[in-house]
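Comments concern the structure below.
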Amino acid sequence: MYNIVICDDEKDIVEAIAIYLNSQGYNVLKAYNGKEAVEIVGSEKVNLVVMDIMMPVMDGISAMSKIRENSNVPVILLTAKSEDTDKILGLNVGADDYITKPFNPVELIARVKAQLRRYMTLGGGEKADENSKYILRGLELDDVAKQVFVDGEEKDLTPTEFEILKLFLKQPGKVISPKEIYRQVWKDTPMGSEGTVAVHIRHLREKIEINPSEPRYLKVVWGQGYKCEK
């Protein structure tokens with residue numbers, strides 16, 4: 001059974017989400033501020049976190065930063081429509097996805113399932129591709145060891161960043177649209193996914209490119225998507 005942390009200072013929202021997830025067979029751990037969520041992730045086996053941004057004691061962004069110091073557990077942020085800046089900041093800090101309030105329970109469950117599939121595939125010992133190493137002009141990705149090196153220096157990527165990079169390295173020179181990236185990496189139907197993908201691409205570039213503004217590897221093809229330069 002998967003353990004999912006639900007964190008929101010509004011108890012009614014926590015209870016509602018708990019009902020939805022319990023109905024799908026998930027075990028819910030409840031938190032009402034970011035500090036409590038961080039403590040649960042540090043002390044329990046957690047498979048996913050659903051967390052609000054605006055909370056007392058410790059907000060969601062600060063909690064995200066603390067969680068990412070020691071864990072790559074997927075995090076879905078709950079945001080208000082007016083919190084666009086916070087959404088982008090959250091993705092930059094390490095969030096895997098976000099849902100805007102008020103949310104549709106069906107969409108919430110779909111996004112939870114997509115993140116769990118992706119996370120458990122990476123961490124569950126599933127057989128890697130037959131070709132498990134990809135090397136391109138000083139960039140090396142090892143799909144068995146889950147490591148990435150640039151000119152011999154190891155780079156610390158989140159699971160989402162790792163999967164995005166692997167997608168491109170498997171198809172060098174191919175232009176891939178944001179919707180297709182979201183479909184293949186998040187394992188979900190893309191719904192307004194362009195912003196989420198763009199933030200993850202930018203964050204990935206900051207880690208693997210010497211000069212992110214003049215990338216060697218991940219390049220924009222305007223109006224179409226991105227490609228990994230051969």
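Quantities reported herein were computed from a predicted structural model and do not represent experimental measurements.
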Query raised in the report: Looking at D59 and S62, what are the two nearest heavy atoms and their distance?
Result: OD1-N, 2.9 Å

Query - Spacing of D142 atom CG and F162 atom CZ [to the nearest 0.5 Å] - result: 7.0 Å

Query - Heavy atoms of other groups near K66 NZ, more than 12 under 6.0 Å - result: no

Query raised in the report: Would you call K170 and D143 a salt bridge, using N to O less than 4.0 angstrom?
Result: no

Requested in this report: With the side chain counted from C-beta on, respond yes when H200 and V185 share a heavy-atom pair under 4.5 Å apart, and no when they do not.
Outcome: no

**Report entry** Under 3.5 Å donor-acceptor, R216 side chain and G138 backbone
**Finding:** no

Report summary line: For G94 and M64, the nearest pair of non-hydrogen atoms, with its separation, is C-SD, 3.7 Å

Query raised in the report: Does any N or O in the side chain of S71 come within less than 3.5 Å of the main-chain N or O of I67, such that one atom is a donor and the other an acceptor?
Result: no

Query raised in the report: For the hydrophobic clusters of this structure (ILVMFWY residues joined by side-chain heavy atoms under 4.5 Å, transitively), does one cluster hold both L136 and V221?
Result: no

Query raised in the report: Between K207 and T158, is any pair of side-chain heavy atoms under 4.5 Å apart?
Result: yes

Requested in this report: Flag the pair E194 / K179 as yes when at least one side-chain heavy-atom distance between them is below 4.5 Å, and no otherwise.
Outcome: yes

Query - Flag side-chain contact, heavy atom, 4.5 Å: D52 against K101 - result: yes

Query raised in the report: Quick one: does R183's side chain have a donor or acceptor within less than 3.5 Å of a partner on W186's backbone?
Result: no

With a 3.5 Å cut-off and sequence neighbours excluded, list the donor-acceptor pairs that the side chains of residues 16-24 form with protein atoms.
| from | atom 1 | to | atom 2 | distance (Å) |
| --- | --- | --- | --- | --- |
| N22 | ND2 | Y26 | O | 2.9 |
| S23 | OG | Y20 | O | 2.5 |
| Q24 | OE1 | K113 | NZ | 3.1 |

Requested in this report: Say whether, by atom type as modelled, one donor and one acceptor occur between the side chain of R117 and the main chain of K187 under 3.5 angstrom.
Outcome: yes

Query raised in the report: Nearest heavy-atom pair of Q171 and I176: which atoms, and what distance?
Result: NE2-CD1, 3.8 Å

Query raised in the report: Got more than 12 heavy atoms from elsewhere within 6.0 Å of CG, D156?
Result: no

Report task. Starting at CG of L167, measure out to SG of C228 and round the result to the nearest 0.5 Å. Result -> 10.0 Å

Report task. List in chain and number order the residues that pass ring-ring contact (aromatic ring centres under 6.0 Å, His included) with Y217, two or more places apart in sequence or in another chain; answer none if no residue qualifies. Result -> none

Query raised in the report: Of the non-hydrogen atoms in G60 and M51, which two are nearest, and what is the gap between them?
Result: O-CE, 3.6 Å

Report task. Please check if atom CD in E214 has more than 12 non-hydrogen atoms from other residues, nucleotides or ligands closer than 6.0 Å. Result -> no

Query raised in the report: Where is the tightest heavy-atom contact between V5 and A31, given as atom of each residue plus distance?
Result: CG1-CB, 4.4 Å

Query raised in the report: I4 versus L116: any side-chain heavy-atom pair under 4.5 Å?
Result: yes

Report task. Could you tell me the separation between the CZ atom of F149 and the CG atom of L141, rounded to the nearest 0.5 Å? Result -> 10.0 Å

Requested in this report: Provide the closest heavy-atom pair for A37 versus C7 in the form atom of the first, atom of the second, distance.
Outcome: CB-SG, 3.8 Å

Query raised in the report: With side chains defined as the heavy atoms from C-beta onward, is the minimum distance between L139 and L165 less than 4.5 Å?
Result: yes

Report task. Measure the CG-CG distance between L77 and L91 for me, rounded to the nearest 0.5 Å. Result -> 7.0 Å

Requested in this report: With salt bridge (charged side-chain N to carboxylate O under 4.0 Å, His left out) as the test, would you mind laying out the steps for R68 and D96 before giving the verdict?
Outcome: CA-CA 11 Å; R68 282 292 174 256; D96 295 277; 3.1 Å; yes

Query raised in the report: Are a donor atom and an acceptor atom from the side chains of N27 and N3 found within less than 3.5 Å of each other?
Result: yes

Requested in this report: Using a strict cut-off of less than 4.0 Å between a Lys/Arg side-chain nitrogen and an Asp/Glu carboxylate oxygen, indicate whether K30 and E15 qualify as a salt bridge.
Outcome: yes

Report task. Determine whether V199 and R202 make a side-chain contact, defined as any pair of heavy atoms from C-beta on separated by less than 4.5 Å. Result -> yes

**Report entry** Neighbour count above 12 (heavy atom, 6.0 Å) for Y32 OH
**Finding:** yes

Report summary line: Value for CZ (F168) from CD1 (I201), rounded to nearest 0.5 Å, stands at 4.5 Å

Query raised in the report: At what distance, to the nearest 0.5 angstrom, does OH of Y226 lie from CG of L218?
Result: 9.5 Å

